[in-house]
Amino acid sequence: MKIEVHHVTRVEGHGDIVVDTENGEIKECRFEVVEAPRFFEAFVRGRPYYELSHITSRICGICAVGHATASLQATEKALGVELSEQTVLLRKLMFHGEMIDSHVLHTYYLVAPDFLGVGSVIPLASSHPAVVERALRIKKLSGDVCAMVGGRHTHPVAMAVGGFTHLPSEVELRAMRARFVDARVDMDESIALFGTLPWPEFERETEYVSLKKDDEYALIDGTIVSSDGFSYPIEDYRKVTNETCVPFSTAKWTHHNRDSYMVGALARFNNNYDQLHPRAQEAAAKLGMKPLVTNTFLNSAAQAIEMVHCIEDSIEIMDELLTRGIKPETPPEVDVRAGEGVGACDVPRGILFHHYVYDENGICTDANCIIPTGQNMANLNADMKALVPQVLDRSQDEIRLLLEMLVRAYDPCISCSAHFLNVEFV
Amino acid sequence: MSETPSNGRPKIAFFDFASCEGCQLTVVDSLQTHLDLLNAVEIVQFREAMTEKGEDYQIAFIEGSCTREADEARLLEIREQADVVVALGACAHLGGVNALKNLHPLEDTRRWVYGDKADWYGTYEARPIGAVIEVDLAIPGCPIDREEFVRVVKAVLIGKTPPIPDYPVCVECKLKENVCLFDIGKFCLGPVVRAGCDAICPTYGDGCEGCRGFIPHPNQNAMKDVLAKAGLTVEEVMSRMTMFNTYQLQEQLVEEEGR
Amino acid sequence: MTSVYIPEMARLVGVEQMTATEKLFTIELPNGRSLGHDPGQFVMASVMGVGEAPVSVSSSPSRSNGVFELCVRQVGDVTNALHGMEPGGWIGVRGPFGNGFPVEKMRGKDLLFAPGGLGLAPLRSLINQVLDERGAFGRVIILCGARRPQELLFRDEVDEWVARDDVECLVTVDRGDDTWDGHVGVITTLFHQISVNPRNTVAATVGPPIMYRFVLMELLGKGIPESQIYLSLERRMRCGVGKCGHCQIHDLCCCQEGPVLTYAQSKGVEEAL
Amino acid sequence: MSLMVLNKGAVGPLIEALMADYRVVGPQAKGPQFAFGTLTDPAQMRLDYNTTILPPKKVLQPQQERLASYSLGGKPSVEQIIEATPTVLFGIHTCDLHAVQLLDKAFSEEYPDAHYLARRDQTILVSLECLEPCDEHSFCKSMGTLTAGEGYDLHLTDLGLAYAVDVATEAGAQILSDYGSASEAGDGDVRRLNDVLGAKWPRFTYRLEFDAAELPALLSTAYDHPLWQELGDRCLACGSCTNVCPTCYCFNVYDETNMALTEGERVRRWDSCQLDEFARVAGGENFREARAARQRHRFMRKGRYIFEKFGELGCVGCGRCIRACVADINIVDGFNAIQRSA
Ligand SMILES: Cc1cc2nc3c(=O)[nH]c(=O)nc-3n(C[C@H](O)[C@H](O)[C@H](O)COP(=O)(O)OP(=O)(O)OC[C@H]3O[C@@H](n4cnc5c(N)ncnc54)[C@H](O)[C@@H]3O)c2cc1C
Ligand code: SF4
Ligand code: SF4
Ligand code: SF4
């Protein structure tokens with residue numbers, strides 16, 4: 001039997017599935033990234049520090065805010081720029097906006113059609129209008145909060161080194177807060193919907209890697225932790241990622257303690273369950289989830305739980321901003337100097353690293369970006385190898401769909417993944 | 001502009017090459033405010049969002065730059081089928097940020113990223129799709145503007161020239177009554193860059209970076225003088241000009257040398 | 001107050017393909033009202049949803065019969081949309097606007113008309129009015145040019161003018177073909193075939209910008225005073241009523257002071273000719 | 001009509017009261033600059049503003065406005081759209097007041113513009129006497145717009161603790177009596193007003209090196225002046241100078257439709273003679289292609305053409321175009337250069 005899925009659909013970027021079995025033996029089974037490589041790390045060399053976040057946000061249209069945040073963090077560490085508390089709060093708010101945006105896109109637009117037996121969200125507009133309207137509403141809300149803070153979600157404008165070039169008004173914040181409160185209804189209904197979905201059964205424990213903070217559900221900064229008990233400062237990210245090139249993929253592979261590890265919503269859920277907002281924990285209970293969850297397909301359910309968390313945390317952030325009042329800050333003057341810095345964020349698909357070196361004029365001389373989908377690549381292949389023998393008795397079409405669903409469960413962001421670097425910093 | 005079939009909705013398809021897919025995402029986002037788009041057109045191919053795949057499209061929206069040989073054949077196929085080819089966003093329209101790699105020697109770029117495995121990955125200079133196939137229309141921007149996308153679709157439906165402005169970002173910026181960034185010690189490419197984004201960057205306090213390409217007959221020399229006067233070094237001026245427009249500036253150089 | 005920018009919907013009652021790129025549209029105003037235009041005036045013609053464009057009225061006020069005619073070349077959005085319309089369709093009309101040809105001043109005078117290409121569209125309105133009151137004018141000379149035989153507009157009418165004894169009508173094409181046994185050469189080559197009494201002659205010429213330069217030289221060469229040479233300028237117009245600024249040439253507002261101007265008014269205005 | 005006195009403390013309550021029945025538009029802070037905007041709180045008004053980014057013309061001729069709506073399919077039905085709300089335009093400087101008078105002429109001559117005039121009819125103008133130069137670039141004194149004798153409904157002059165209010169029209173008198181608490185000016189007020197007005201003139205300087213009345217004649221000989229090329233080399237053709245000008249009123253018209261193509265609107269939007277496409281016609285010919293020619297057109301319109309048409313200069317000396325130009329093209333310097341070489 002031979003299954004080839006050329007350009008898996010409803011994922012971001014181009015990837016192919018290749019499975020070849022003979023008499024129940026697997027000869028070939030892999031996921032290939034065939035996306036055109038884009039070489040960001042090479043061409044950001046020579047660019048001034050203030051351009052880096054604007055260029056690297058263009059790595060990905062879905063996690064543009066995540067890239068910008070990690071990029072700014074790396075630059076700020078390299079150049080010794082301090083952030084105001086207001087800036088930290090606004091960055092978090094923006095980040096939540098993107099998290100919700102990405103998760104609603106993935107769960108509703110890309111994953112749900114599989115369970116409802118259609119090829120895309122478009123026919124759902126007439127068959128399940130309430131579901132689609134809800135999805136559009138949540139998507140609009142998350143896009144609007146990003147627009148309010150940073151101008152737009154895809155390639156945010158106002159996020160600058162050290163702060164924001166534009167601030168939301170208190171009037172806008174108040175109106176936005178009210179909409180977030182209203183969105184609780186949509187969250188409840190989302191959780192109810194995801195509770196009814198027949199998630200495929202498949203268990204394979206792996207190493208789960210995420211950021212961690214003591215006092216909050218870590219998304220921006222923190223330390224790197226693994227469910228196998230390791231912990232590193234983010235500057236030591238290479239000890240976790242250990243990138244290698246593989247011939248059938250323009251994305252590089254990573255491994256840590258085992259042959260592969262997983263990052264993303266499920267990894268965060270498993271590692272940081274305690275810091276989830278109580279309402280998110282309630283949602284998890286409704287979905288019957290509690291760590292350690294080892295069914296990869298439930299990554300999408302973990303995303304739904306994170307949406308609840310982000311809605312709640314955003315409300316709290318907006319409350320805090322409104323209590324403090326918006327201060328008319330502008331980004332601080334940057335004292336340009338040579339330096340090196342690493343930024344890390346746990347973006348929708350998992351942990352993301354940006355690492356830059358600047359010369360004394362603030363010109364980038366070296367850069368490395370390691371994105372989540374690349375880190376998941378080896379784990380996805382391991383999952384496929386484990387899943388295929390369990391389902392060999394099914395029809396080819398069923399297997400194909402299941403494999404595609406597995407790929408989609410990772411929410412791979414393939415255009416992100418196609419620019420990796422393996423150069424040692426001197 | 002080719003006729004759209006009067007008996008039905010025009011069939012449209014989306015394709016992507018080297019890009020972040022943010023423009024297609026913007027198309028998806030346009031449904032939030034324009035769900036009636038689905039009644040006006042029939043989407044037959046949209047890999048990012050749907051599994052179905054029809055090959056009988058009339059209008060092809062192409063996102064992304066051409067960066068390797070394999071892309072060319074696919075582009076030619078699309079051109080063969082489509083009556084109207086639309087370049088969607090800066091990567092397809094200008095080469096966009098992808099073309100920044102053209103500023104470095106190709107070999108160096110590949111080794112930098114893939115080390116001694118560089119030969120596994122075919123790539124060449126990044127180019128807009130218009131360098132490979134004929135393009136009927138470009139929707140500029142990084143990413144495209146949602147409202148402009150909708151305006152273009154409507155223009156195509158009624159059969160008139162899509163209203164992509166030829167005037168610069170300053171026009172929209174002034175009409176919105178923004179404080180000009182040059183007045184507050186910042187800098188901006190707005191005077192020479194094509195409008196249509198509603199001046200979103202200056203509105204949000206950041207100078208235009210040129211993602212929509214230059215206006216026809218831009219006064220580039222005067223722009224450089226203005227930027228220099230705003231305190232930018234020659235390198236910074238060039239950096240600003242090349243962020244999205246490397247391919248155009250390199251072509252321009254070749255042309256000038258030819259003359 | 002009624003807005004001057006609101007078009008009145010008028011019915012398209014006839015469409016005639018004249019050349020590959022030009023069609024003649026016959027339009028009926030509500031209640032058979034006449035347009036009430038002077039030769040040389042224009043209307044703003046709208047296809048709702050697409051836009052509006054200025055078009056000279058091509059029919060003569062003396063032959064209105066409750067309808068008027070526009071001869072339109074297909075060049076862009078509005079003209080494309082017009083070309084896609086069929087009898088029974090609706091066209092938005094505003095106007096007539098602008099200054100036409102001063103028919104009164106022409107009475108008793110010898111007249112020299114020099115239309116080139118699409119320039120015949122507005123001049124036809126004037127020529128037919130003059131011919132309908134033939135006795136009121138002196139000599140009528142028509143020097144008519146087109147690029148190719150198949151681009152010659154209003155062929156039947158032009159043939160009639162040629163056939164008439166009381167009209168001196170010469171026709172030329174820049175490049176001939178098998179179907180053409182007439183004169184070949186640019187319009188200026190017709191001028192040496194006629195002689196005029198310059199003091200008593202009023203000339204009117206309409207054509208593309210490049211043609212003006214050469215025809216004007218000929219007319220001046222014949223000694224016709226600058227104030228007795230009329231031409232019609234085409235500019236971009238968005239309102240037709242002197243507000244939008246697009247058609248301003250130097251200090252002339254083309255839609256109000258024009259489109260018909262004397263050479264005396266427009267000479268030396270760098271942007272005019 | 002009459003001279004009244006309005007205590008400064010009474011301005012807020014006046015605005016507040018007006019807000020109940022009118023759209024009140026006044027100068028507000030916008031970052032480090034100012035812009036006219038609808039007031040939602042009297043405290044937003046900043047009568048100490050220097051100049052606004054856009055002139056008050058935007059209240060009478062909005063940046064974008066709908067002219068008509070129409071249905072498509074069959075016989076289109078076209079409905080005109082006149083958008084006018086009772087408005088008090090508060091605190092405009094006298095240069096801008098002169099500009100409004102010019103717009104009034106442009107929009108009422110020959111073919112009156114119903115859209116503009118409806119708004120103008122419903123607008124009450126409250127102007128403000130400038131007592132010192134608002135901005136380094138303004139040259140109102142040169143253009144004779146440093147004060148105004150007419151054109152307003154109410155005119156305010158800052159007397160320190162109160163404003164002297166010149167009541168020029170019935171409408172002005174009415175809003176002042178219905179919504180405000182002003183009192184008749186006494187002899188002392190009149191004296192103070194005269195002192196204030198007398199003292200202000202030396203604070204302003206002439207920036208034109210010649211009498212502005214000479215401009216039309218001067219420019220009529222300057223068609224081929226080398227200045228135009230010099231400006232054309234520097235000009236970015238961004239259109240900012242005309243977009244911020246209180247007397248520029250050119251526009252473009254567009255048709256827009258809904259997605260189903262069943263209905264649409266005809267809209268107009270500000271346009272600028274500085275833009276590349278402004279004079280481009282079918283076939284690609286552009287009658288004012290060179291940037292130099294476009295700058296000339298602007299200077300000529302301000303200094304000559306408008307004068308020939310309406311008997312008033314097209315420039316009121318507000319200085320906005322100078323401030324807006326990132327390439328530092330300066331209309332005063334330009335006029336002076338032409339005069340010096342004449
Ligand atoms: C007084 C006057 C009389 C005219 N009489 C006739 C006539 O009898 N028959 C005829 O076929 N044409 C006539 N024209 C020209 C006609 O108006 C243009 O061809 C028409 O406006 C093009 O509009 P469009 O929407 O089809 O093209 P668009 O798609 O609008 O334009 C294509 C190009 O034409 C430019 N353009 C826009 N408006 C005009 C304009 N008013 N004139 C020229 N180019 C323009 C656009 O900038 C663009 O570059 C006349 C023009 C004027 C000013
Ligand atoms: S901020 Fe930029 S776009 Fe806006 S007016 Fe200034 S230069 Fe022009
Ligand atoms: S302002 Fe400039 S960089 Fe920003 S979206 Fe517009 S064209 Fe692009
Ligand atoms: S030309 Fe300049 S100074 Fe004069 S009124 Fe206009 S903007 Fe003001």
Side-chain angles (χ1 to χ4, degrees), chain B residues 4 9 30 33-41 147 150-151 153-155 157-160 163 165-185 187-195 205 208 215-227 229-230, chain D residues 28-37 52-55 58 62-64 72 231-245 252 254-262 264 269-272 274-278 280 284 286 289-291 294 320-321 323-329:
Chain B
T4 50
R9 304 170 293 162
S30 69
T33 38
H34 299 278
L35 197 56
D36 48 359
L37 197 65
L38 296 179
N39 300 323
V41 297
E147 294 306 318
V150 171
R151 279 197 297 275
V153 170
K154 289 197 285 199
L157 288 174
I158 204 167
K160 66 180 178 190
D166 269 355
Y167 51 76
V169 173
C170 284
V171 171
E172 292 175 338
C173 190
K174 274 286 167 290
L175 264 48
K176 291 182 90 169
E177 206 164 5
N178 290 329
V179 173
C180 178
L181 295 174
F182 283 102
D183 286 350
I184 51 170
F187 54 91
C188 180
L189 276 190
V192 290
V193 171
R194 189 185 293 278
C208 169
I215 49 168
H217 317 300
N219 193 346
Q220 284 177 359
N221 287 336
M223 190 71 236
K224 286 178 190 164
D225 291 346
V226 167
L227 291 174
K229 207 190 64 199
Chain D
Q28 303 177 19
K30 177 140 191 177
Q33 299 181 359
F34 295 91
F36 280 103
T52 50
I53 303 171
L54 291 182
K58 70 172 189 179
Q63 292 93 318
Q64 173 161 320
L72 296 171
L231 298 184
D233 289 343
R234 272 161 58 203
C235 174
L236 293 153
C238 69
S240 290
C241 55
T242 64
N243 280 329
V244 300
C245 179
N252 209 344
Y254 305 83
D255 270 21
E256 287 170 0
T257 58
N258 65 350
M259 189 75 75
L261 309 183
T262 53
R269 201 175 306 153
W270 291 2
D271 204 349
S272 164
Q274 298 306 300
L275 304 178
D276 194 55
E277 60 185 15
F278 188 78
R280 209 192 295 153
N286 189 340
E289 178 139 45
R291 285 187 295 270
R294 288 183 244 153
R320 286 190 180 88
C321 57
R323 179 149 116 165
C325 182
V326 298
D328 292 338
I329 290 177

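Letters A, B, ... are given to chains in the order of the sequence lines, protein chains preceding strands, and every chain is numbered from 1.
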(request) Check whether D/Q64 gets within reach of chain B through its side chain, its backbone, both or neither, counting any heavy atom under 4.5 Å. (result) neither

(message) Out of B/N221, B/D183, B/D225, B/I184, return the one with the most heavy atom pairs under 4.5 angstrom to chain D.
(response) B/D183

(message) According to salt bridge (charged side-chain N to carboxylate O under 4.0 Å, His left out), who are the partners of D/R323, at least two apart in sequence or on a separate chain?
(response) D/D135

(request) Output, in order, the C-alpha distance, side-chain angles, deciding distance and verdict of side-chain contact (heavy atoms from CB on, under 4.5 Å) for D/W270 and D/L54. (result) CA-CA 12 Å; D/W270 291 2; D/L54 291 182; 4.0 Å; yes

(message) Between D/R269 (side chain only) and D/Q63 (backbone N and O only), is there a donor and an acceptor less than 3.5 Å apart?
(response) no

(message) Using side-chain heavy atoms (C-beta onward) and a distance below 4.5 Å, is B/L157 in contact with B/R9?
(response) no

(message) Checking side-chain contact (heavy atoms from CB on, under 4.5 Å) between D/T52 and each of D/Q33, D/K58, D/R320, which is the one that passes?
(response) D/R320

(message) Under 4.5 Å from any heavy atom of chain B, what part of D/A35 do you find: side chain, backbone, both or neither?
(response) both

(request) Give the member of B/C188, B/P168, B/P163 that has the highest number of heavy-atom pairs under 4.5 Å with chain D. (result) B/P168

(message) For D/D271, which atoms come within 4.5 Å of any heavy atom of chain B: side chain, backbone, both, or neither?
(response) neither

(message) At a 4.5 Å cut-off on heavy atoms, which part of B/V171 comes close to chain D: side chain, backbone, both, or neither?
(response) both

(message) Given heavy-atom pairs under 4.5 angstrom as the criterion, report whether the side chain, backbone, both or neither of B/L37 touches chain D.
(response) both

(request) Answer yes or no: is there a donor N or O on one side and an acceptor on the other, between the side chain of D/R234 and the main chain of B/A222, under 3.5 Å? (result) no

(message) Can you tell me which of B/C173, B/A40, B/P191 forms the most heavy-atom pairs within a distance under 4.5 Å of chain D?
(response) B/P191

(request) Can you tell which part of D/L261 gets under 4.5 Å to a heavy atom of chain B, answering side chain, backbone, both or neither? (result) side chain

(request) Can you tell which part of D/V326 gets under 4.5 Å to a heavy atom of chain B, answering side chain, backbone, both or neither? (result) both

(request) Side chain from CB out, backbone as N, CA, C, O: work out which of these in B/N39 comes under 4.5 Å of a heavy atom of chain D, or both, or neither. (result) neither

(request) Please check if the side chain of B/K154 supplies one atom and the backbone of D/T257 the other of a donor-acceptor pair under 3.5 Å. (result) yes

(message) Is D/F36 close to chain B through its backbone or its side chain, or both, or neither, when contacts mean heavy atoms under 4.5 Å?
(response) backbone

(message) If the threshold is 4.0 Å, N to carboxylate O, is there a salt bridge linking D/D328 and B/K229?
(response) yes

